[in-house]
There are 2 protein chains.
Amino acid sequence: MDPHLLTTFVTVARHGSFSAAAAELGYTQSAISQQVAALEADLGLALLRRRPVEPTPAGRRLLEHAEPLLLRLRAARADVLRTAAEPRHLLRLAATPLAVNPVVAARLAEARARQPRLEIRLRMCRAERLAALVAEGRADLGLADGIAAPSDPLRLPDAGPMTTTGVTEEDLVVALPAGHPLAGRASLRLADLIDARWLRTPLCPPARLRDLVGEGFPAGLEYEGDDVRTALNLAAAGHGLTLLPASAVPAGGGGGGGVCAVPVAAPRLVHRVELLHAALPPGAAADLVAALSG
Amino acid sequence: MDPHLLTTFVTVARHGSFSAAAAELGYTQSAISQQVAALEADLGLALLRRRPVEPTPAGRRLLEHAEPLLLRLRAARADVLRTAAEPRHLLRLAATPLAVNPVVAARLAEARARQPRLEIRLRMCRAERLAALVAEGRADLGLADGIAAPSDPLRLPDAGPMTTTGVTEEDLVVALPAGHPLAGRASLRLADLIDARWLRTPLCPPARLRDLVGEGFPAGLEYEGDDVRTALNLAAAGHGLTLLPASAVPAGGGGGGGVCAVPVAAPRLVHRVELLHAALPPGAAADLVAALSG
DNA sequence: ATAACTTACGATGTACGTAATGATA
DNA sequence: TATCATTACGTACATCGTAAGTTAT
């Protein structure tokens with residue numbers, strides 16, 4: 001169960017090919033073959049069926065363990081290295097697209113006003129990768145957004161010991177095309193929309209949507225990008241509805257061809273932003289955490 | 001961050017000695033020295049200060065990560081191997097001393113009555129080790145007991161993905177010596193006992209007691225064993241109070257020199273028993289789980 | 001026939017043990 | 001000075017690459 005072999009195994013399984021894994025990892029096909037063989041010999045059972053390359057049941061089991069295990073290993077390494085790190089004036093912040101709402105942006109501004117030497121590099125990433133990024137120390141702070149019941153924490157993937165703090169909670173709205181029968185309502189229940197078409201976009205993770213709206217919700221268009229205006233334009237054009245924080249939808253829904261934001265009354269849901277970080281590097285990080293936590 | 005080196009490092013830190021670690025792991029002193037040096041070189045920082053051998057701050061950090069990491073690694077290995085295991089007729093059960101209460105014992109009997117071929121080997125262990133034992137596959141099922149709010153899960157150490165099921169909940173009582181001023185009461189509040197002396201015993205983990213009773217509770221006698229009758233005898237003799245499940249304290253508190261069990265009315269607490277298991281080996285395990293879950 | 005994994009084998013590097021050296025109480 | 005960790009060095013083993021072999025499409 002050498003992590004080296006585990007990495008190779010995971011890569012082979014992901015590519016479904018020994019040669020592709022070899023290319024990615026910078027080994028020869030032969031070395032990969034030997035490494036997989038060594039892992040199988042160590043465990044005493046076959047992990048991959050060849051030609052086509054696909055995991056056996058035992059292999060599938062191992063895959064479920066290997067990824068989080070390797071993540072924790074990298075996280076531990078990063079954490080130990082942080083104890084000896086230089087104080088940083090540059091903080092690397094990772095955020096999901098909807099996490100930097102007006103409140104968060106304002107608090108970042110306050111922090112920078114108080115600490116002129118503080119530099120911030122903000123980088124966007126998807127929610128699934130955010131926790132890993134922070135755990136591995138490739139970002140100092142993470143801002144994740146998601147949909148939750150009021151005061152409930154977000155369900156983030158477990159990437160080892162990390163601190164999470166609630167930052168903001170705001171109303172959740174459904175973005176409806178201006179001409180939609182429910183547009184203009186003061187609020188609505190998700191149950192009213194059970195047959196509606198939904199926009200599939202990482203802005204509102206499909207997994208979460210399935211929880212909220214039910215299993216077989218009819219899929220509208222799938223938008224793989226994470227630009228809010230694009231999503232709004234698609235919603236306005238009737239490609240499907242989408243759930244967004246109120247602040248992401250421009251006010252004055254009267255304009256022609258726009259979208260209309262209707263708050264979700266039931267179930268009680270909010271759009272929540274959370275700050276997550278591992279052990280903080282010495283320097284300005286602690287101040288920024290305090291500023292963001294409000 | 002080779003697990004091999006990590007194991008060595010943890011062992012050295014535990015013994016506070018390279019030579020003792022060498023003896024335990026079956027290496028020479030020299031090999032241990034080289035392994036620790038290799039780990040330090042890999043991370044680029046000192047992990048141990050020598051003579052006396054004790055961890056540096058970075059080393060302490062690494063120790064916090066290493067133990068759970070190695071546990072998860074062993075757990076993953078055990079889980080994968082289980083997928084290819086033979087069906088077992090012998091189930092290895094691990095339990096904390098108070099987990100096998102009358103209800104649990106009865107359910108075990110039912111299961112054995114239904115499945116005559118089923119063999120059970122029951123082994124006692126402390127709560128801290130139980131989760132690790134199950135995760136590593138050294139026990140098939142674990143029965144843990146502890147104190148919790150009604151319907152709340154126990155706070156067990158995280159040892160990787162595991163299923164936990166509530167089995168029983170019963171009243172929590174304070175075992176008081178028969179002559180105690182509060183003996184004979186129908187119920188009491190823990191706050192009434194804030195100045196009482198408590199028996200320190202693994203039967204009622206001191207950490208939990210500290211949560212419940214407050215920080216500086218005066219320590220009575222410390223009993224390192226886990227025999228309930230011994231603890232009751234000590235309580236009867238006035239060495240200190242202890243929290244126990246109602247079924248562990250014999251009824252009829254009138255007898256001379258015995259203990260009197262008084263239920264805890266506030267805070268609302270119960271003695272809870274939970275069943276935990278990883279992926280079940282094929283065979284009788286699933287039936288036993290069903291029987292225990294009731 | 002060909003793309004893809006496996007096996008054979010030689011070169012390189014890593015890891016351990018023995019033994020000598022160095023440091024500390 | 002005795003104990004304990006480190007360093008030096010030789011050996012054994014593990015790992016990788018090249019190249020030949022095998023197998024499924």
Side-chain angles (χ1 to χ4, degrees), chain A residues 1-60 62-63 66 69-70 73-74 77 80 84, chain B residues 1-60 62-63 66 69-70 73-74 77 80 84:
Chain A
M1 297 272 297
D2 181 351
H4 185 209
L5 303 183
L6 239 37
T7 308
T8 299
F9 169 64
V10 169
T11 309
V12 170
R14 190 174 56 239
H15 284 85
S17 154
F18 282 53
S19 14
E24 176 176 328
L25 298 173
Y27 287 107
T28 58
Q29 251 181 42
S30 165
I32 300 298
S33 178
Q34 293 176 56
Q35 288 173 15
V36 172
L39 188 58
E40 292 184 324
D42 172 37
L43 291 169
L45 35 85
L47 298 172
L48 294 169
R49 226 173 289 290
R50 271 75 163 179
R51 235 178 311 240
V53 172
E54 58 182 7
T56 61
R60 267 192 297 278
L62 183 56
L63 282 173
L69 213 47
L70 293 171
L73 204 59
R74 290 189 298 269
R77 184 188 184 84
V80 172
Chain B
M1 297 271 299
D2 181 351
H4 186 206
L5 303 184
L6 240 37
T7 310
T8 299
F9 169 64
V10 169
T11 310
V12 170
R14 190 175 56 239
H15 285 85
S17 153
F18 282 53
S19 16
E24 176 176 327
L25 297 173
Y27 287 108
T28 59
Q29 251 181 40
S30 165
I32 299 299
S33 179
Q34 293 176 56
Q35 289 174 14
V36 172
L39 189 58
E40 291 183 323
D42 173 36
L43 291 170
L45 36 84
L47 298 172
L48 293 170
R49 224 174 292 289
R50 270 76 164 181
R51 236 180 302 251
V53 173
E54 59 183 5
T56 64
R60 267 192 296 277
L62 184 56
L63 281 173
L69 212 50
L70 293 170
L73 203 60
R74 290 191 297 268
R77 185 186 184 85
V80 171

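Below, read A as the first sequence line, B as the second, and so on, with proteins coming before strands; counting in each chain starts at 1.
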Upstream residue (5' side of DNA chain D) when A:H4 and A:P52 are each assigned their closest nucleotide
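The residue closer to the strand's 5' end, by nearest nucleotide, is A:H4.
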
B:S33 versus B:Q29, side-chain donor and acceptor atoms under 3.5 Å
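Judged by distance alone, the side chains do not pair up.
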
Give, for atom CG of B:L62 and atom CG of B:L6, the distance between the pair rounded to the nearest 0.5 Å.
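B:L62 atom CG to B:L6 atom CG measures 5.5 Å (nearest 0.5 Å).
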
Gap separating the CZ atom of B:F9 from the CE atom of B:M1, nearest 0.5 angstrom
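The CZ atom of B:F9 sits 10.0 Å away from the CE atom of B:M1.
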
Atom [atom1] of [X] and atom [atom2] of [N]: how far apart are they, to the nearest Å?
| X | N | atom1 | atom2 | value |
| --- | --- | --- | --- | --- |
| A:Y27 | D:dC16 | OH | C1' | 8 Å |
| B:D2 | D:dT15 | CG | P | 11 Å |
| A:L39 | D:dT15 | CG | P | 12 Å |
| B:E54 | D:dA5 | CD | P | 13 Å |
| A:R49 | D:dT25 | CZ | P | 13 Å |

If you define the side chain from C-beta out and look only at heavy atoms, does anything of A:T56 sit under 4.5 Å from A:L48?
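No, side chains not in contact.
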
B:L5 side chain reached by B:E40 side chain, heavy atoms, under 4.5 Å
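No. Closest side-chain heavy atoms not under 4.5 Å.
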
Does a sphere of radius 6.0 Å around CZ in B:R49 hold more than 12 heavy atoms from other residues, nucleotides or ligands, not counting ones at 6.0 Å or beyond?
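Not more than 12 within 6.0 Å, no.
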
Polar atom pairs (N or O), protein with nucleotides 4-11 of chain C, under 3.5 Å:
| from | atom 1 | to | atom 2 | distance (Å) |
| --- | --- | --- | --- | --- |
| C:dA4 | N3 | A:R51 | NH1 | 2.9 |
| C:dC5 | OP1 | A:F18 | N | 3.1 |
| C:dC5 | OP2 | A:S19 | N | 3.2 |
| C:dC5 | OP2 | A:S19 | OG | 2.6 |
| C:dT6 | OP1 | A:R50 | NE | 2.4 |
| C:dT6 | OP1 | A:R50 | NH2 | 3.1 |
| C:dT6 | OP2 | A:S33 | OG | 2.7 |
| C:dT7 | O4 | A:S30 | OG | 3.1 |

